[in-house]
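Below, chain A is the first sequence line, B the second, and so on; all start at residue 1.
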Amino acid sequence: MADPSLTLERLFRDAIVAAFGPEQGAVDPLLRPSQFADYQVNAALGLAKVLERPPRQVAEQILAGLPLGGAIASAEIAGPGFINVVLSNEFLSGAVRDVAESGNLGLEPTANPDVVVIDYSSPNVAKEMHVGHLRSTIIGDAIARVLEARGHRVIRQNHFGDWGTPFGMLIEHLLDGGAEAAEHSVSDLNAFYRAARAKFDSDPQFAERSRQRVVLLQSGDPGTLQMWQQLVQASQAYFERIYALLGVGLRGEHNAGESIYNPRLAGVVAALTEQGLAVEDDGAMCVFPPGFKGRDDKPLPLIIRKKDGGYGYATTDLAAVRYRTVELGGTRLIYVLGSPQSQHLQMVFSAAALAGWLAPPARAEHVAFGSVLGADGKMFKTRDGEVVRLVDLLDDAVRRAKSVVHEKNPELSEDEQAQIARIVGIGAVKYADLSSDRIKDYVFDYDRMLAFEGNTAPYLQYAHARCRSILRKAEVELPSASAAHIETPEERALALALLSFPSVVAAVEDSLEPHRLCGYLFALATTFSTFFQSCPVLKANSPAERDSRLVLTDLTARTLSAGLGLLGIVAPDRM
RNA sequence: GCGCCUGUAGCUCAGCUGGAUAGAGCAUCGGACUUCGGAUCCGAGGGUCGUAGGUUCGAAUCCUACCGGGCGCGCCA
């Protein structure tokens with residue numbers, strides 16, 4: 001029980017019961033960080049209304065049942081009925097020692113593990129990855145890491161767009177160009193796709209061949225399947241190179257493209273029809289989940305079988321829900337998709353629930369995110385109005401990071417500079433994406449994300465490297481955790497920050513909002529900087545004080561490194 | 001037309017699910033032991049929280065209406 005807030009919550013819950021009886025046992029003490037103390041408890045104000053008594057009097061009664069002298073150094077009533085709580089140095093010191101020797105930074109596995117099935121990244125085969133995929137990939141990866149750290153079983157699903165009508169034209173184009181086109185498809189996917197599209201639009205004969213090819217593909221024609229496979233494999237190899245560059249934990253084993261649901265689609269329609277959930281409408285089979293209306297107040301359909309007998313994405317998405325709960329045993333389905341798909345997903349969830357494929361405790365969540373904007377505040381594009389290739393964007397970030405690293409630290413070897421540039425450049429891109437509330441759009445700006453000031457990855461990486469540097473310079477074995485003694489205000493602030501790491505990770509686990517972790521890490525880094533400024537470590541007044549501060553420095557480094565790690569960002573030892 | 005998201009300092013963003021005087025970073029201005037990594041730290045100025053009502057001890061946060069921006073809304077994914 002390293003996190004002081006857990007101890008305090010328990011103590012205050014007990015005190016509330018002691019004061020007002022077990023019927024108030026469920027009352028939340030409303031423990032919050034405070035600018036006036038270490039924490040403040042706000043429960044008295046709410047209780048006052050229920051009990052019809054003056055708030056300050058209620059607060060006094062709570063305090064009467066509170067044991068002093070242990071964790072709590074002081075607890076005082078302030079203002080209308082707030083209780084300001086200050087922890088004792090002994091308690092803080094003990095908590096820091098516990099965490100420092102625990103090896104897991106206070107992160108305990110959850111008592112209620114889920115089988116999490118998380119759908120993210122999901123690029124389209126035979127199409128270039130672009131900024132649109134950046135957010136899903138980065139956010140999904142961070143969330144997967146956080147949930148794993150909390151002890152959930154996490155199943156990653158890369159829901160590739162590897163099926164459907166475009167593959168008719170892509171295969172025909174591949175056939176027209178032969179092997180040369182296959183090579184081409186890997187080196188410049190955008191051009192390959194555009195060329196196929198152009199032919200499809202301008203050449204009716206080609207368009208007809210393409211439609212025939214789709215039929216062949218869906219009916220399982222071996223020759224067609226082989227060509228399709230060729231396209232898929234080339235793309236997957238390409239994506240994996242990007243994932244490696246990004247440091248994202250997606251591998252072949254996580255591939256779960258739309259095609260895997262092909263054999264399951266007919267069953268989905270059959271099941272929904274049998275249950276009476278699907279009805280025919282204008283020649284198509286539709287499910288009308290309640291509560292969704294379109295223009296003219298007409299109910300909105302999920303079209304699960306088109307007029308021509310084909311299946312669209314709604315059917316695939318329903319098959320995926322069914323697969324993830326029934327076959328994979330998922331209890332928490334997570335979809336990391338842009339916010340425009342919100343309504344569609346809600347309809348899918350609703351229909352799946354009606355069909356019994358999404359029943360408690362299983363539930364589904366849409367982790368929605370906004371767009372990446374350019375400096376002009378519009379959708380991020382190149383000067384020619386083209387979508388930005390993800391590789392170009394990442395290469396650019398690494399290149400810029402390299403010139404910064406070269407300028408700031410020229411004595412590092414060329415190899416080291418290159419390696420650090422990659423860590424810093426990629427980290428900057430990821431952190432910029434993760435550090436603001438994901439539902440909002442954000443402006444992509446190399447200069448700001450690579451700045452060493454402010455809430456950026458380089459600043460955090462620098463703070464970590466500085467800690468490591470001190471530990472190197474100490475030229476002694478790291479003192480044992482028992483050396484930790486918290487005394488000064490700066491040490492107290494740092495200790496409080498370090499100890500709240502687990503509760504922040506838990507908050508992200510719950511909200512699926514990585515920016516909370518970013519905000520925490522930034523606050524931790526600035527708190528450390530303040531500590532570092534006024535509390536000499538290597539030049540401390542006594543060996544005991546030095547050892548204590550070395551423990552704090554080491555714990556800060558480990559927390560920064562682990563926190564960044566949960567975001568998928570590497571913290572180098574020097575930079 | 002209906003629905004979802006969004007509006008906080010000059011700029012970029014937080015605000016822990018209703019708590020005290022709304023906070024950071026850039027930028028601006030002023031400082032710091034002749035640097036345990038100054039790639040740092042301390043301080044100052046800067047706000048009708050889009051607008052108007054409402055709910056209550058208390059609202060940036062919840063409710064309603066309006067204004068401005070973005071995105072969806074039947075056989076594409």
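Counting to the nearest Å, the P atom of B/U12 and the CE atom of A/M449 are 14 Å from each other. At whole-Å resolution of the value, CZ in A/R438 and P in B/U6 are 11 Å apart. The distance between atom CG of A/D38 and atom P of B/C16, rounded to the nearest whole Å, is 20 Å. In this structure, the CG atom of A/L494 is 15 Å from the C1' atom of B/C41, given to the nearest Å. For the pair A/N42 CG and B/A20 C1', the interatomic distance rounds to 9 Å; values are reported in whole Å. Here the P atom of nucleotide B/G25 and the OH atom of A/Y462 are 16 Å apart, to the nearest Å. A/F522 has its CZ atom 10 Å from the P atom of B/A24, to the nearest Å. For A/Y431 and B/C13, the OH to C1' distance is 11 Å, given to the nearest whole Å.
Neither OP1 nor OP2 of B/U40 sits under 4.0 Å from any side-chain N or O of A/S529. Listed pair A/K440 / B/A14 meets the phosphate criterion, a side-chain N or O lying under 4.0 Å from OP1 or OP2. For B/G38, one of the phosphate oxygens OP1 or OP2 lies less than 4.0 angstrom from a side-chain nitrogen or oxygen of A/R466. Within the 4.0 Å cut-off from OP1 or OP2 of B/A24, not a single side-chain nitrogen or oxygen of A/Y520 is found.
For the P atom pair drawn from B/C16 and B/C62, the interatomic distance equals 10 Å after rounding to whole Å. On the P atoms, B/A27 is 26 Å away from B/U34, given to the nearest whole Å. Remark: the separation of the C1' atoms in B/A32 and B/C13 is 28 Å, to the nearest Å. Atom C1' of B/U12 sits at a distance of 43 Å from the matching atom of B/C75, rounded to the whole Å. Rounded to whole Å, the separation between the P atoms of B/C49 and B/U8 comes to 12 Å. Comparing B/A22 with B/A9, their C1' atoms sit 11 Å apart, to the nearest whole Å. If you take atom P in B/A60 and the same atom in B/G50, they sit 10 Å apart, rounded to whole Å. Comparing the same atom, C1', in B/C76 and in B/G10 gives a spacing of 43 Å after rounding to whole Å.
Looking at the side chain of A/T530, the nearest of the listed nucleotides B/C13, B/G25, B/C42 is B/C42. Comparing B/A24, B/U40, B/U6 against the side chain of A/Q533 picks out B/U40 as the nearest. Closest to the side chain of A/Q40, from the set B/G19, B/C13, B/U12, is B/G19.
A cation-pi arrangement is absent between A/K408 and A/Y462, since the terminal nitrogen or guanidinium carbon is not both under 6.0 Å from the aromatic centre and inside a 45° cone about the axis.
Anti is the conformation of B/U6, whose glycosidic angle sits further than 90° from 0.
Contact annotation for A/V443: backbone-only contact, meaning every heavy-atom pair under 4.0 Å involves sugar-phosphate atoms and none involves a base. Residue A/C535 is classed as a base contact, given a heavy-atom separation below 4.0 Å to a base. Residue A/A368 is classed as having no contact, given no heavy-atom separation below 4.0 Å to the nucleic acid. In this structure, A/A465 reaches the bases: a heavy-atom distance under 4.0 Å links it to at least one base atom across the strands shown. In this structure, A/R574 reaches the bases: a heavy-atom distance under 4.0 Å links it to at least one base atom across the strands shown. Residue contacts shown for A/N409 include a base, since a base heavy atom lies under 4.0 Å away. Using a 4.0 Å heavy-atom cutoff across all strands shown, A/F532 reaches at least one base atom of the nucleic acid. Contacts of A/F292 with the nucleic acid, taken as non-hydrogen atoms under 4.0 Å apart, are absent.
For the pair A/S34 and A/S511, nearest-nucleotide mapping onto RNA chain B gives the more 5' position to A/S511. Looking at which nucleotide of RNA chain B each of A/V405 and A/D297 is closest to, the 5′-most match is held by A/D297.
Ring orientation note: the planes of A/F532 and A/F528 are close to parallel, at an angle under 30° on the 30°/60° scale. In this pair, A/Y261 and A/Y323 present their aromatic rings perpendicular. The plane angle is above 60°, beyond the 30 to 60° band. A/Y335 and A/F349 have tilted rings, their planes meeting at an angle from 30° to 60° on a 0 to 90° scale.
Here A/D119 pairs with A/R324 in a salt bridge; the nearest charged N to carboxylate O distance falls below 4.0 Å.
Applying the 3.5 Å distance criterion, the base of B/A20 shares a donor-acceptor pair with the side chain of A/N84.
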Per-nucleotide protein contact along nucleotides 57-65 of chain B, 5' to 3', at a 4.0 Å heavy-atom cut-off (B base, S sugar-phosphate only, - neither), is B--------
Can you give one letter per nucleotide of nucleotides 71-77 of chain B, 5' to 3': B if a protein heavy atom sits under 4.0 Å from the base, S if only from the sugar-phosphate, - if neither? SSBBBSB
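Residue A/L302 holds its CG atom at 8.5 Å from CZ of A/F292, rounded to the nearest 0.5 Å. One distance of note links CD1 of A/I171 with NE2 of A/H173; it measures 12.5 Å at 0.5 Å rounding. Atoms CZ and CG, on A/F369 and A/D433 in that order, are 8.0 Å from each other to the nearest 0.5 Å. Separation of atoms CZ (A/R574) and CD (A/E416) is listed at 6.0 Å; rounding is to 0.5 Å.
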What do the steps show when you test A/L560 against A/F501 for side-chain contact (heavy atoms from CB on, under 4.5 Å), and what is the final call? CA-CA 10 Å; A/L560 286 172; A/F501 181 57; over 6 Å; no
side-chain contact (heavy atoms from CB on, under 4.5 Å) between A/Y520 and A/V508, worked out: CA-CA 11 Å; A/Y520 165 79; A/V508 176; over 6 Å; no
What verdict does the side-chain contact (heavy atoms from CB on, under 4.5 Å) test give for A/M379 and A/V131, after you've listed the backbone C-alpha separation in whole Å, the side-chain angles of each residue and the deciding distance to 0.1 Å? CA-CA 10 Å; A/M379 296 292 277; A/V131 277; over 6 Å; no
Starting from the C-alpha separation in whole Å, work towards a yes-or-no answer on ring-ring contact (aromatic ring centres under 6.0 Å, His included) for A/Y313 and A/Y311. CA-CA 7 Å; A/Y313 57 96; A/Y311 304 106; over 10 Å; no
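Screening A/T137, A/N124, A/L134 for a side-chain contact (heavy atoms from CB on, under 4.5 Å) involving A/M129 leaves a single residue, A/T137. When A/L47, A/V41, A/I77 are each tested for a side-chain contact (heavy atoms from CB on, under 4.5 Å) with A/I62, only one passes: A/L47.
Helical stems involving RNA chain B, defined as 3 or more consecutive Watson-Crick or G-U pairs under 3.5 Å, span B:1-5 with B:69-73, B:10-13 with B:23-26, B:28-32 with B:40-44, B:50-54 with B:62-66.
Stacking between A/F82 and B/G19 is absent: the aromatic ring centre is not both under 5.5 angstrom from the base six-membered ring centre and within 30 degrees in plane angle.
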